[in-house]
Amino acid sequence: MTKNSIKSIIDSELRQIELTDEIKNNIKSKAVYHKSNRMWKGLAASIVIIVLGGTTVYAGYHILNKVYVNEEILTELDSMQIVQMNELDAMPNEYGIINKDYRDYNAIKNDLGVKLLDTDLSFDNPYMLCRVMTDTKDFAIITVKNFILGDTGNYQFIESENRYSYSHGTEFFSPVSLTVDLILSESQMSNGWDSDYLGLYEFVESYTSDQGYKVNIIKDTVDEENMENYVSEKAAIFVANGVRYSLKGRVSIDTLKNIVNTMK
């Protein structure tokens, strides 16, 4: 993979980041910079960098797929594996990257021809905003905003920003989003694929789900005591059948664990 391809991935990820006003203010006053031990330096706090590089591999090309939180290595997840997917009917950009938008997670699964985990909690959801980003050779990244709505409501589409506004509920202070990472080639397997969560994040715990997935949970470190009605954002990261999943939202840890247990 070329340096330009990696840059385009990060640029695309940055464009999709949504931060609450509280977090934005916190970042302004407490911005943290991370010195990457791989390739990128000087990116601001609370940004997730997808690092498609490195040499973390062991016998059989089973990647360790390390997850870092501010340079702390978390408990090893299950191994990622090479996945076969259909070619997408879309034109690549100048960096050779395809970005194809969908309004439905099932449409992505059908288009890619890949068996991916899903949950009944996402059934009959008209507010998903989905995208597949891929170079068609080495990797694919699926993002699904508003994957699980919970008891949030009053969704209104803001066309100029390509997002929905919503009202928080009692259990869900935000919808839960989904990210799915697919390795497509031997080359990507040998290079490795680590994930770095930088800035206002901290490790919470590792555990094994009801299905046997090894799961890492992290959360943001915004000072909840000084913010009225604030619920921290949590993320659960795990690998199933060689594919890495991340579920993220402003919910309790117990709610997030219950959601992981429904992913089948």
Side-chain angles (χ1 to χ4, degrees), residues 1-2 4-13 15-16 48-54 56-57 60-67 77-120 122-123 125 128-148 176-195 211 213-214 235-248 260 262-264:
M1 179 172 295
T2 66
N4 282 339
S5 294
I6 298 172
K7 180 181 182 300
S8 69
I9 295 165
I10 291 179
D11 288 344
S12 178
E13 289 296 306
R15 285 194 295 270
Q16 296 182 57
V48 179
I49 301 179
I50 307 300
V51 181
L52 298 178
T56 310
V57 185
Y61 286 109
H62 282 186
I63 187 173
L64 294 176
N65 62 282
K66 292 179 182 177
V67 177
L77 300 177
D78 295 309
S79 300
M80 295 182 74
Q81 300 170 7
I82 297 173
V83 176
Q84 301 295 325
M85 77 175 200
N86 298 333
E87 292 187 11
L88 294 183
D89 183 18
M91 292 294 295
N93 63 18
E94 59 185 305
Y95 303 115
I97 302 297
I98 288 175
N99 287 287
K100 186 172 181 179
D101 293 330
Y102 299 79
R103 297 298 294 267
D104 183 82
Y105 182 51
N106 283 328
I108 290 179
K109 292 187 290 183
N110 292 335
D111 211 8
L112 298 185
V114 178
K115 186 176 181 180
L116 299 172
L117 298 185
D118 204 342
T119 171
D120 290 342
S122 68
F123 178 73
N125 175 356
M128 291 185 189
L129 292 173
C130 311
R131 170 170 287 192
V132 175
M133 178 170 59
T134 179
D135 68 349
T136 72
K137 299 178 297 182
D138 296 317
F139 75 93
I141 301 172
I142 300 168
T143 54
V144 184
K145 298 179 182 179
N146 309 326
F147 179 59
I148 298 172
V176 171
S177 64
L178 172 68
T179 302
V180 183
D181 300 326
L182 308 176
I183 288 180
L184 307 181
S185 70
E186 293 275 358
S187 174
Q188 188 60 65
M189 282 291 290
S190 62
N191 285 335
W193 190 344
D194 296 345
S195 292
Q211 307 94 316
Y213 311 144
K214 298 176 183 177
I237 307 139
F238 62 95
V239 175
N241 303 318
V243 176
R244 184 167 59 206
Y245 298 83
S246 174
L247 292 160
K248 182 173 65 175
V260 171
T262 67
M263 296 289 291
K264 298 178 181 178

### Task
Could you tell me which non-hydrogen atom of Met80 sits nearest to which non-hydrogen atom of Met189, and how far apart they are?
O-CE, 3.4 Å
### Task
Output, in order, the C-alpha distance, side-chain angles, deciding distance and verdict of side chain to side chain contact (heavy atoms under 4.5 Å, CB included) for Leu88 and Leu112.
CA-CA 7 Å; Leu88 294 183; Leu112 298 185; 3.4 Å; yes
### Query
Is there side-chain contact between Met133 and Ile97, with heavy atoms separated by less than 4.5 Å?
yes
### Task
I would like to know whether Thr119 and Thr262 meet side-chain hydrogen bond (donor to acceptor under 3.5 Å, both in side chains); could you show each step before the answer?
CA-CA 5 Å; Thr119 171; Thr262 67; 2.7 Å; yes
### Task
State, with a plain yes or no, whether a side-chain heavy atom of Leu117 is found less than 4.5 Å away from one of Tyr213.
yes
### Task
Measure from the side-chain N and O atoms of Gln211 to the backbone N and O of Lys264, and report whether any donor-acceptor pair falls under 3.5 Å.
no
### Task
For the residue pair Asp118 and Asn106, establish whether any side-chain heavy-atom pair is separated by less than 4.5 Å.
yes
## Note on the structure
Residues at least two apart in sequence or cross-chain that pass side-chain hydrogen bond (donor to acceptor under 3.5 Å, both in side chains) with Thr136, listed by chain then number, are none
### Residue pairs, two or more places apart or on separate chains, that pass salt bridge (Lys or Arg N to Asp or Glu O under 4.0 Å) and touch residues 82-97
none
### Message
If I take atom OG1 from residue Thr179 and atom NZ from residue Lys145, how far apart are they, to the nearest 0.5 angstrom?
### Response
10.0 Å
### Rounded distance [0.5 Å steps], CZ in Arg244 versus CD1 in Ile183
7.0 Å
## Note on the structure
The reported gap from CG in Asn146 to SG in Cys130 (rounded to nearest 0.5 angstrom) is 9.0 Å
### Query
Heavy atoms, side chains only, cut-off 4.5 Å: are Leu184 and Thr134 in contact?
yes
### Student check: side-chain heavy atoms of Ile98 and Val132 closer than 4.5 Å
no
### Message
According to ring-ring contact (aromatic ring centres under 6.0 Å, His included), who are the partners of Phe147, at least two apart in sequence or on a separate chain?
### Response
Tyr105
### Query
Knowing that exactly one of Ile148, Val144, Ile108 qualifies, which makes a side-chain contact (heavy atoms from CB on, under 4.5 Å) with Met128?
Val144
#### Entry: Reported CD1-to-OG distance for the pair Ile82 and Ser187, which is rounded to 0.5 angstrom
9.5 Å
### Close side-chain approach of Asn86 to Val114, heavy-atom, < 4.5 Å
no
### Query
For the residue pair Ser79 and Val239, what are the closest heavy atoms and their distance?
O-CG1, 3.4 Å
### Task
Please name the pair of heavy atoms, one in Phe139 and one in Ile141, separated by the smallest distance, quoted to 0.1 Å.
CD1-CG1, 4.0 Å
### Summary
Sequence neighbours excluded, the answer for ring-ring contact (aromatic ring centres under 6.0 Å, His included) partners of Tyr102 is none
### Query
Mind checking whether Phe238 and Tyr245 have parallel, tilted or perpendicular rings, split at 30° and 60°?
parallel
### Query
Is there side-chain contact between Leu182 and Leu116, with heavy atoms separated by less than 4.5 Å?
yes
### Task
Report the distance from atom CG of Leu178 to atom CD1 of Ile142, rounding to the nearest 0.5 Å.
8.0 Å
### Task
Please identify each residue that fulfils salt bridge (Lys or Arg N to Asp or Glu O under 4.0 Å) with Lys137, with sequence neighbours left out.
none
### Message
According to salt bridge (Lys or Arg N to Asp or Glu O under 4.0 Å), who are the partners of Asp101, at least two apart in sequence or on a separate chain?
### Response
Arg131
### Query
Going through the checks in order, is the side chain to side chain contact (heavy atoms under 4.5 Å, CB included) test met by Arg103 and Leu129?
CA-CA 5 Å; Arg103 297 298 294 267; Leu129 292 173; 3.7 Å; yes
### Message
With heavy-atom distances below 4.5 Å as the criterion, would you say the side chains of Lys100 and Asp111 are in contact?
### Response
yes
#### Entry: Worked verdict on Asn241 versus Lys115 for side chain to side chain contact (heavy atoms under 4.5 Å, CB included)
CA-CA 9 Å; Asn241 303 318; Lys115 186 176 181 180; over 6 Å; no
